[in-house]
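Numbering of residues begins at 1 and proceeds along the displayed sequence. Here the structure is a predicted model, which is why all the values come from computation and not from measurement.
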Amino acid sequence: MGLLSNKKKGKAAEVKEYIRGAGGSIVSKSILNGTSKLKWLFREDSGLGNGWVAFGGTDTQEYVDNAENMEVVDFNVLANIEPAVLNVYYMPVGSDLEFRSDKTGKYFVDMRTGEEIREPVKHPGQEAFEKNLKFLNQKIYPMEFFEGLFAENGRLAVVTAGRVDFPTGEVTLADPLAYLGTKYSTALERKVPAGSYPVELSICRSDIVGLRIAAARLVFGGRPAARYEIAMPKGSATEDFGKPRVFTFFGVDCGLACFADAQAEAEYREFFERWHSENPEKNKYTDYFAAFFADSYEKYPKFQNQGGNFLHWEIPGTGHKLVFFSSGMGDGIYSGYWGLDEQGEAVSLVIPFMNPEYF
């Protein structure tokens with residue numbers, strides 16, 4: 001039997017694909033041929049397919065011990081027979097479930113806890129994303145959170161992606177594809193000394209969501225930060241946090257972020273105004289930046305996904321450099337935080353995208 005086919009009354013039935021790439025599952029033939037209904041579902045770490053195993057209500061131990069009575073099929077085949085299995089697909093290895101159907105509906109019971117499962121269990125990545133969303137953009141975080149973002153360990157690595165030029169010291173945070181050079185970028189109140197500063201990226205290798213950039217840090221000197229405070233937009237102070245129309249974050253709509261100088265931002269805008277006038281039908285990313293990101297991946301494949309997660313780029317005609325980097329889990333709103341020394345002088349600017357503990 002093919003992975004996406006089922007037999008019913010001797011005829012092949014088309015199988016609806018509910019989950020793309022769902023993987024193979026071991027299902028008793030009594031369920032597949034309709035002589036028994038789903039009763040038991042458990043997930044094991046067998047190294048075969050997705051680990052799900054399904055038994056029918058009439059299956060005996062002798063029956064399931066005979067390998068001839070079991071078949072490996074795509075999980076979608078089982079879902080076409082009993083769609084309720086879609087609710088538990090993302091449950092972890094070790095799950096041991098009994099399927100029940102009564103006047104209250106169809107549901108599973110977790111045999112380990114006795115819990116009834118009547119609603120879809122979220123993908124671990126979705127759960128982590130939602131938890132992370134609530135965590136971001138707070139006014140204050142513990143010192144150890146910031147320190148942990150750039151503490152290299154088995155899951156986190158730190159790479160210097162390049163240096164950013166600040167000819168004026170006026171700092172802007174923005175999505176370079178969507179908002180840099182527009183009125184929707186976020187200029188910060190605090191300035192930094194004019195100069196060129198390295199951008200460090202915290203690379204998170206997650207079993208749940210793969211390789212992601214957990215945070216970016218602009219470093220102004222060798223002094224350690226004694227505390228952190230949220231970076232306020234131009235014209236506001238820390239005391240204004242939470243007031244109406246005071247937005248202490250910047251938006252990401254193309255999955256990228258950057259630190260930029262006000263002058264470099266103006267040069268960036270002017271360059272792409274010319275580029276668009278010369279290439280009216282072309283896209284800024286696919287027809288310009290994609291090739292640069294691909295080159296960046298070739299240079300640093302250990303720290304990026306194929307296609308590139310960060311880019312060190314020079315504005316043509318001016319020589320001023322920028323660093324673009326992917327924003328953790330993608331689009332959203334993110335805040336910057338100044339790392340301050342004992343005297344209150346800025347020594348770094350950090351953008352957290354993810355709490356690595358969630359992933």
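- Cation-pi check for R100 over Y107 is not met; the charged atom does not lie both under 6.0 angstrom from the ring centroid and within 45 degrees of its normal.
- Side-chain atoms of D261 come within 3.5 Å of backbone atoms of G169 as a donor-acceptor pair (strictly under, hydrogens ignored).
- In this structure a side-chain-to-backbone donor-acceptor pair under 3.5 Å is missing from T160 to G162.
- Aromatic pair Y184/F247: centroids not less than 6.0 angstrom apart.
- Q304 and S296 are linked by a side-chain donor-acceptor pair at a separation below 3.5 angstrom, with hydrogens and angles left out of the test.
- For E152, the CD atom counts as densely surrounded, since its 6.0 Å shell holds more than 12 non-hydrogen atoms of other residues, nucleotides or ligands.
- Side-chain atoms of N66 and E62 include no donor-acceptor pair closer than 3.5 Å.
- In this structure, L149 and S202 approach most closely via the heavy-atom pair O-OG, 2.5 Å.
- Remark: side-chain polar atoms of K139 are not paired, donor with acceptor, to backbone N or O of I230 under 3.5 angstrom.
- Counting heavy atoms of neighbouring residues, nucleotides and ligands inside a 6.0 Å radius, atom CG of D65 exceeds 12 of them.
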>> Run S30 and N69 through side chain to side chain donor-acceptor pair (under 3.5 Å) and show every step you take.
In response: CA-CA 8 Å; S30 71; N69 293 325; over 6 Å; no

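- Ring centroid separation for the pair F292 and Y297 does not come in under the 6.0 Å cut-off.
- No side-chain donor-acceptor contact under 3.5 Å links N76 to the backbone of A22.
- The salt bridge (Lys or Arg N to Asp or Glu O under 4.0 Å) test applied to K122 returns E130, not counting sequence neighbours.
- Counting only N and O atoms by type, the side chains of E267 and H320 include a donor and acceptor under 3.5 Å apart.
- Closest non-hydrogen pair, N87 versus P120, comes out as OD1-CG, 3.3 Å.
- The nearest pair of heavy atoms linking L349 to A231 is CD1-CB, 4.1 Å.
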>> Show, in sequence, the C-alpha distance, side-chain angles and deciding distance for K321 and H312, and conclude whether the side chain to side chain contact (heavy atoms under 4.5 Å, CB included) test is met.
In response: CA-CA 7 Å; K321 296 180 175 61; H312 191 209; 3.6 Å; yes

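- Using a 4.5 Å heavy-atom threshold, the side chains of L32 and V73 count as touching.
- Ring geometry, F259 versus F325: the interplanar angle falls from 30° to 60°, so the pair is classed tilted.
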>> Please determine whether side chain to side chain contact (heavy atoms under 4.5 Å, CB included) holds for the pair M329 and R212, giving the CA-CA distance in whole Å, both sets of side-chain angles, and the decisive distance to 0.1 Å.
In response: CA-CA 7 Å; M329 294 297 292; R212 302 278 175 161; 4.1 Å; yes

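- The main-chain N or O of F250 is never found under 3.5 Å from a side-chain atom of Y179 such that the two would form a donor-acceptor pair.
- Counting only N and O atoms by type, the side chains of R269 and T182 include no donor and acceptor under 3.5 Å apart.
- Side-chain rings of F42 and W52 stay apart, their centers remaining 6.0 Å or farther from each other.
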> Hey, mind stepping through L188 and L173 against side chain to side chain contact (heavy atoms under 4.5 Å, CB included) and telling me if it holds?
Replying inline: CA-CA 8 Å; L188 302 183; L173 305 179; 4.2 Å; yes

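- For E189 (side chain) and G235 (main-chain N/O), a donor-acceptor pair under 3.5 Å exists by modelled atom type.
- With D331 contributing its side chain and G255 its backbone, the two residues share a donor-acceptor pair below 3.5 Å.
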>> I'd like to know whether Y228 forms a side chain to side chain contact (heavy atoms under 4.5 Å, CB included) with S348, so could you lay out the CA-CA distance, the side-chain angles of the two residues, the decisive distance to 0.1 Å, and finally the verdict.
In response: CA-CA 9 Å; Y228 289 84; S348 62; 4.1 Å; yes

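- At least one cation-pi condition fails for R227 and Y337: the charged atom is not both under 6.0 angstrom from the six-membered ring centre and inside a 45 degree cone around its axis.
- Put simply, the residue from D59, T35, T58, N33 that forms a side-chain hydrogen bond (donor to acceptor under 3.5 Å, both in side chains) with S28 is D59.
- Of the possible donor and acceptor atoms, one in the side chain of R43 sits under 3.5 Å from a partner among the backbone N and O of M91.
- Around atom CZ of F303, more than 12 heavy atoms belonging to other residues, nucleotides or ligands sit under 6.0 Å away.
- In this structure, F166 and Y197 have tilted ring planes: the angle between them lies in the 30° to 60° band.
- M70 and L48 fall within a single hydrophobic cluster, where Ile, Leu, Val, Met, Phe, Trp and Tyr are joined by side-chain heavy atoms under 4.5 Å apart, directly or via other members.
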Using atom types as modelled, flag every donor-acceptor pair under 3.5 Å from a side chain in residues 352-359 to any protein atom, sequence neighbours excluded.
residue : atom : partner : partner atom : Å
N355    : OD1  : E357    : N            : 3.1

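- Looking at every heavy atom in both residues, N50 comes nearest to Y89 through ND2-CE1, 3.8 Å.
- In this structure, the side chain of N80 does not engage the main chain of V77 through any donor-acceptor pair within 3.5 Å.
- Between the side chains of T172 and E265, at least one donor-acceptor pair of N or O atoms lies under 3.5 Å.
- Of the possible donor and acceptor atoms, one in the side chain of S36 sits under 3.5 Å from a partner among the backbone N and O of G57.
- Ring planes of F272 and H276: tilted class, angle from 30 to 60°.
- Between F146 and Y141, the ring-plane angle classifies as perpendicular under the 30° and 60° cut-offs.
- Residues forming a ring-ring contact (aromatic ring centres under 6.0 Å, His included) with F99 (at least two apart in sequence, or on another chain): F108.
- Enclosure of atom OH in Y18 by more than 12 non-hydrogen atoms of other residues, nucleotides or ligands within 6.0 angstrom is indicated.
- Taking the six-membered ring for Trp and the full ring otherwise, Y63 and F55 have centroids separated by 6.0 Å or more.
- Heavy-atom minimum distance, D253 versus A178: CB-CB, 4.1 Å.
- Side-chain contact annotation: S95 with D110, donor-acceptor N/O pair under 3.5 Å absent.
- Dense packing is recorded around NZ of K284, with more than 12 heavy atoms of other residues, nucleotides or ligands lying under 6.0 Å away.
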